[in-house]
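When a ligand or atom number is given, it counts from 1 through the structure's own listing order.
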Amino acid sequence: MDLYEHQARELFEEHGIVVPKADVTDTPKGAREIARRLGGRVVVKAQVKTGGRGKAGGVKIAADPAAAELTARQILGMDIKGHTVRRVMVAEPVDIAQEYYVSYVLDRAAGRFLAIASAEGGMDIEEVAASRPDAVARIPIDPDEGVTSAKAAEIARAAALPPQTVDVLVRLWDVLVREDALLVEVNPLVRTAQGQILALDAKVTLDDNAQFRQARWGEHGPCEAHLADEAESLEATAQAKGLNYVKLDGEVGIIGNGAGLVMSTLDVVAGCGARPANFLDIGGGASAQVMADGLGVILADPDVKSVFVNVFGGITACDAVADGIVRALDTVRLTKPVVVRLDGNNAVRGRTILDAHRHPLVEQATSMDGAARRAADLAHAH
Ligand code: GDP
Ligand code: MN
């Protein structure tokens, strides 16, 4: 689970990493008020879970509270790489003398963590890494030893970071370990004109597998429920019902049974010139209830224009799936067309159940290709 910058910086702060004073709001008026409190001149920053906000115009300096309000009005609602900006962070501006790049990432192949650091941080770090790889140090970290002061000094030396960054490097490791993160990244970590070291940006990816021992994730911690946007709350709903739901950015909703079938369904839909809006794997042995829950989740996604239910009955019998669809139609008001392809175990019985129900928005197809083409056409006709 990725955190928003303002959530990640909260974790940094708790671990003693210095960050600029800031607050979050979802209105232009709120931005003006925060700017007033912070002394007038501020940086207004889009809060979206993607990088490159600066280059997209999502990070702007405002000279006074009135300008902060205006800037927030421009940034709120902006689309950055498919993410709608719903909140802005308003922060005290910092006088930057130098920008550094620092991150710890899990190196799965090596079974270790990796420190990546550079004295040439900032918005062009990808270019620096591509054109001059020597300017970016990559130091393996033994997870059992972690980042001690000595290790931090080694990282700083390798990346030509000033000695004052050693303390931050140790604390950042602390964030990774104590908060169960898979990634922590600071770009830029800056030295101010006054010689202070500050984290000006914060990126943290938490390890979802650690949820059981991080009770606060669900409550007041970095992932408060009210911060979840639509897609995420759907993911949470699906998770609570034991469903594997993933949000994508197209227009065809996809339900299938089994990871393999779902993956090939995505491919076939893409092959028909449409893009999957999401997918949900109801798994093997899925009951009518699971099908009903799944359809409810998929239909709640506003991006969905049509739904493709692709089931190959093995352990899951197609008549149970058909029963689930019929049951779902009783509870969910269907507003989008659904194309169903049932094959395998009890397919004929399943098709008969759906035929008998005669819902005007539900149609059946006998082949996977035919069904995908139909779902794509329906999505585009919408
Ligand atoms: P990103 O583009 O999504 O990584 O967003 P960042 O938070 O890293 O901001 C982009 C750039 O804006 C940074 O690399 C800085 O150069 C600049 N920036 C952010 N905050 C401040 C600030 O307080 N003062 C100044 N002068 N520049 C800032
Ligand atoms: Mn950044």
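Closest to atom 5 (O) of ligand 1 among all protein heavy atoms lies R53 NH2, 3.1 Å. Scanning all protein heavy atoms for the shortest distance to atom 18 (N) of ligand 1 gives L200 CD2, 4.2 Å. Scanning the protein heavy atoms around atom 6 (P) of ligand 1, the nearest turns out to be D201 OD2, 3.5 Å. The shortest contact between atom 14 (O) of ligand 1 and any protein heavy atom is with E99 OE2, 3.3 Å. For atom 7 (O) of ligand 1, the nearest protein heavy atom (residue, atom name, distance) is K45 NZ, 2.6 Å. Protein heavy atom closest to atom 9 (O) of ligand 1, with residue, atom name and distance, is V59 CG2, 3.8 Å. Protein heavy atom in closest approach to atom 26 (N) of ligand 1: V94 O, 3.4 Å. Of all protein heavy atoms, the one lying nearest to atom 27 (N) of ligand 1 is I96 CD1, 3.4 Å.
Looking at heavy atoms from C-beta onward, Q164 lies out of side-chain contact with Q196 at the 4.5 angstrom threshold. Counting heavy atoms from C-beta outward, I141 and R112 have side chains that stay 4.5 Å or more apart. Contact annotation: the side chain of T265 approaches that of F308 to within less than 4.5 Å [non-hydrogen atoms, C-beta and beyond].
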List the steps, then state whether salt bridge (Lys or Arg N to Asp or Glu O under 4.0 Å) holds for R53 with E5.
CA-CA 11 Å; R53 294 166 302 162; E5 176 191 15; 2.8 Å; yes
May I have the step-by-step check of salt bridge (Lys or Arg N to Asp or Glu O under 4.0 Å) for R73 and E69, ending in yes or no?
CA-CA 6 Å; R73 185 161 288 135; E69 179 177 339; 3.4 Å; yes
Is there a side chain to side chain donor-acceptor pair (under 3.5 Å) between Y245 and Q239 once you walk through the steps?
CA-CA 7 Å; Y245 167 82; Q239 199 181 26; over 6 Å; no
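Counting non-hydrogen atoms of other residues, nucleotides and ligands closer than 6.0 Å to CZ of R37 gives a total above 12.
Looking at T84 and D79, their side chains never bring a donor and an acceptor atom within 3.5 Å of each other.
Shown here are the ring pair (Phe, Tyr, Trp, His ring centres under 6.0 Å) partners of F279, two or more places apart in sequence or in another chain: there are none. Residues forming a ring pair (Phe, Tyr, Trp, His ring centres under 6.0 Å) with Y104 (at least two apart in sequence, or on another chain): W173. Scanning for salt bridge (Lys or Arg N to Asp or Glu O under 4.0 Å) contacts around R41 gives an empty result, with sequence neighbours left out.
In D95, neither the side chain nor the backbone holds a heavy atom less than 4.0 Å from any atom of ligand 1.
Atoms of ligand 1 found under 4.0 Å from any heavy atom of P188, numbered from 1 in the order shown, are 8 (O), 13 (C), 14 (O). Residue contact check: G54 has heavy atoms under 4.0 Å from atoms 1 (P), 2 (O), 3 (O) of ligand 1. Ligand-side atoms of ligand 1 in range of P93: 23 (O), range being under 4.0 angstrom from any heavy atom. Listed by atom number, the atoms of ligand 1 under 4.0 Å from M123 heavy atoms are 10 (C), 11 (C), 14 (O).
Looking at every heavy atom in both residues, V24 comes nearest to R87 through CG1-CB, 4.1 Å. Scanning both residues, A156 and V166, for their nearest heavy atoms gives CB-CG2, 4.2 Å.
For T50, no nitrogen or oxygen atom sits less than 3.5 Å from a nitrogen or oxygen atom of ligand 1, counting backbone and side chain alike.
Excluding waters, the set of protein N/O/S atoms under 2.8 Å from the Mn ion (ligand 2) reads N187 O, D201 OD2.
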